[in-house]
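A note on names: the letters A, B, ... follow the listed sequences, proteins ahead of strands, and every chain is numbered from 1. The analysis underlying the following values was restricted to heavy atoms, covering all of them including side chains, and did not include hydrogens, waters or symmetry mates. Since this is a predicted model, take the numbers as computed values, not measurements.
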There are 2 protein chains.
Amino acid sequence: MKRTGSRSRQGLHLVKAKHACHNCDLRHLLRKTGIEEQQLPDAVCTIRCRGPYQPGDRIYRTGDPLSALYAITSGSVKTEYTTCTGALQVTGFYLRGDLFGVEALGEHSHTDDAIALETAWICELRTAELETLCAKHPELTRGLFQVLNRRARNDTIHQVNVRKRTTEQRVMGFLQDFAERSRARLTGVEDEIPLPMTKEDMASYLAITPETLSRILRKLDDAGYIQTSVRAFRLLRAEPFPGVLDQDAG
Amino acid sequence: MKRTGSRSRQGLHLVKAKHACHNCDLRHLLRKTGIEEQQLPDAVCTIRCRGPYQPGDRIYRTGDPLSALYAITSGSVKTEYTTCTGALQVTGFYLRGDLFGVEALGEHSHTDDAIALETAWICELRTAELETLCAKHPELTRGLFQVLNRRARNDTIHQVNVRKRTTEQRVMGFLQDFAERSRARLTGVEDEIPLPMTKEDMASYLAITPETLSRILRKLDDAGYIQTSVRAFRLLRAEPFPGVLDQDAG
DNA sequence: CGCCGTCTTGAGTGCTGTCAATAGTTGTGG
DNA sequence: CCACAACTATTGACAGCACTCAAGACGGCG
């Protein structure tokens, strides 16, 4: 049994220092939707920044009324889906600048949990105001469609990967993708990429057991594709792991 | 090698008899987005009906510029995603009244193929006009968000199922879902539910091989859960197939 | 220093993919 | 109406891979 959220303080810290937050996160948020900041001068007033969320704290829970979209100022977050039988499935990892919570757009309540992995600061864009903004700025609507569809497409590709790729390739692909996303946020040229999630979370996301993940990481390490550390890794090769099995019809 | 699309005539038949089409499909289209018909009187002029598409005909292809959303007047459609290596993955089956083509919303071109399974008539809602409509009617925007997210959620659940459920449960679940969707469209109380797709398509969608699907269908039949026919089946039980393996933490 | 959670490693089993052959179905043409 | 061909579906034998169960190593924290 996990004691996640034991030191929970979520939502209690409404930060007043808006400027830094806006300058940082509004850009991120809007970059995600493909529009320029100056196109939405009135969007600033809809942003609120919350934190700090401690590891294990929930930003929102399944069933919570949908009140906002979220963007990460600092830290990292995972989203979890709970099946009807109570089993958990990690559905995504989010880093600084990432948008999450969009899974509930169009619905009245959230359908998954968002849990901080590292100490995190989160920006909110309230949905009530979002709707008004969308009506005013069609580009925002289009941008949100894009975010939703990109995510759905990742799911689809993810799903395809389960079948058409070996597990080694899936793990390698995940690490490459994660490295790319991390690098875009890292300051220096550090090639050591931290992994904020546990191996268990990572395994859940990849739809394998922690044991298998451990074995495969070792295999990839032995093969010289990566270098594993405690809670980090180095990417030594950019090409996919060999052993392709999907060379059928086109 | 399949000769699909050999008798292709897609897009050549622009139907002028709009009334029947509108009365039928606009309702469906809007029901999907959760808004009432009379709220969008001007939507009528944006609808065009095309057909007939023969089995194997493509309604759109990967890379085609996004020009419309589609709703099915009659017949059935599958969508296929092509991986970078050329392998195919069926990503969805659509019946009368279903909306498809939303995968490209927010993008400039389609990312999958839509292929008719049975002779089909398709209604188009052109995206150029859709944007204007969305700005005018926030409910439409919300409705489309809902459609997108429901789909994404299905993908997520689908993905969860790959890991947390036995293959028997996945197949049974698919049949139950398909039966429900079909029944909503059937006129009588026929319990024989037609399957418009091949077993190969179905297997691809379920991320298994046709051989495994065949074995599992037989198993479900033997167990008295379903009754398989050539291109149809009967659902004998509504409960999930036993053998759950996800009774962990909650 | 000792506890506990995370991670790793090992042995054995079961399920699904692969390969291959057969049976059934559909559509075409004589 | 029948016969043939092409496609689709089924069934069997075998092997590989990931899951399960179980034990041990590592690391953080009190």
Quiz item: Where the side chain of A:E168 is defined as all heavy atoms beyond and including C-beta, which of C:dT9, C:dT16, D:dA18 is the nearest nucleotide?
Solution: D:dA18
Exercise. When you get a sec, tell me which of C:dT9, D:dA9, D:dT11 is the closest nucleotide to the side chain of B:K199?
Key: D:dA9
Measure the distance from [atom1] on [X] to [atom2] on [N] and round it to the nearest whole Å.
| X | N | atom1 | atom2 | result |
| --- | --- | --- | --- | --- |
| B:F241 | C:dC15 | CZ | C1' | 14 Å |
| A:K219 | D:dC17 | NZ | C1' | 9 Å |
| A:R170 | D:dA18 | CZ | C1' | 10 Å |
| B:M202 | D:dT8 | CE | P | 16 Å |
| B:I208 | D:dT10 | CD1 | P | 12 Å |
| A:D221 | C:dC7 | CG | P | 16 Å |
| A:L217 | D:dC26 | CG | C1' | 16 Å |
| B:L213 | C:dT16 | CG | C1' | 13 Å |

Less than 4.0 angstrom between a side-chain N/O of [X] and OP1 or OP2 of [N], yes or no?
| X | N | value |
| --- | --- | --- |
| B:T209 | C:dG17 | yes |
| B:S214 | D:dA9 | no |
| A:T212 | D:dC17 | no |

Quiz item: Between the side chain of A:D64 and the main-chain N/O of A:R61, is any donor-acceptor distance below 3.5 Å?
Solution: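 Yes: the side chain of A:D64 pairs with the backbone of A:R61.
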Self-check item: Set of residues satisfying side-chain hydrogen bond (donor to acceptor under 3.5 Å, both in side chains) with respect to A:T62, sequence neighbours excluded
Solution: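 Result, side-chain hydrogen bond (donor to acceptor under 3.5 Å, both in side chains) vs A:T62: A:D113.
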Quiz item: When the ring centroid of B:Y60 is compared with that of B:Y70, is the distance short of 6.0 Å?
Solution: yes
Quiz item: Just by distance, with hydrogens left out, do B:E118 and B:S76 show a side-chain donor and acceptor under 3.5 Å apart?
Solution: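 Yes.
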Detail all sub-3.5 Å separations between protein N/O atoms and N/O atoms belonging to nucleotides 19-27 of chain C.
from, atom 1, to, atom 2, distance (Å)
C:dC19, N4, B:E211, OE2, 3.2

Quiz item: So which of B:T79, B:L66, B:I59 actually passes side-chain contact (heavy atoms from CB on, under 4.5 Å) with B:H110?
Solution: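 Per the side-chain contact (heavy atoms from CB on, under 4.5 Å) rule, the option paired with B:H110 is B:L66, out of B:T79, B:L66, B:I59.
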Quiz item: Considering the options B:T91, B:D112, B:I115, which one meets the side-chain contact (heavy atoms from CB on, under 4.5 Å) requirement together with B:E80?
Solution: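 The single option meeting the side-chain contact (heavy atoms from CB on, under 4.5 Å) with B:E80 is B:I115.
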Practice problem: State whether A:R181 and A:D98 are salt-bridged, where the test is any N-O pair (Lys NZ or Arg NE/NH1/NH2 against Asp/Glu carboxylate O) under 4.0 Å. | Solution: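 Looking at A:D98 together with A:R181, the answer is yes, because their closest N to O distance falls below 4.0 Å.
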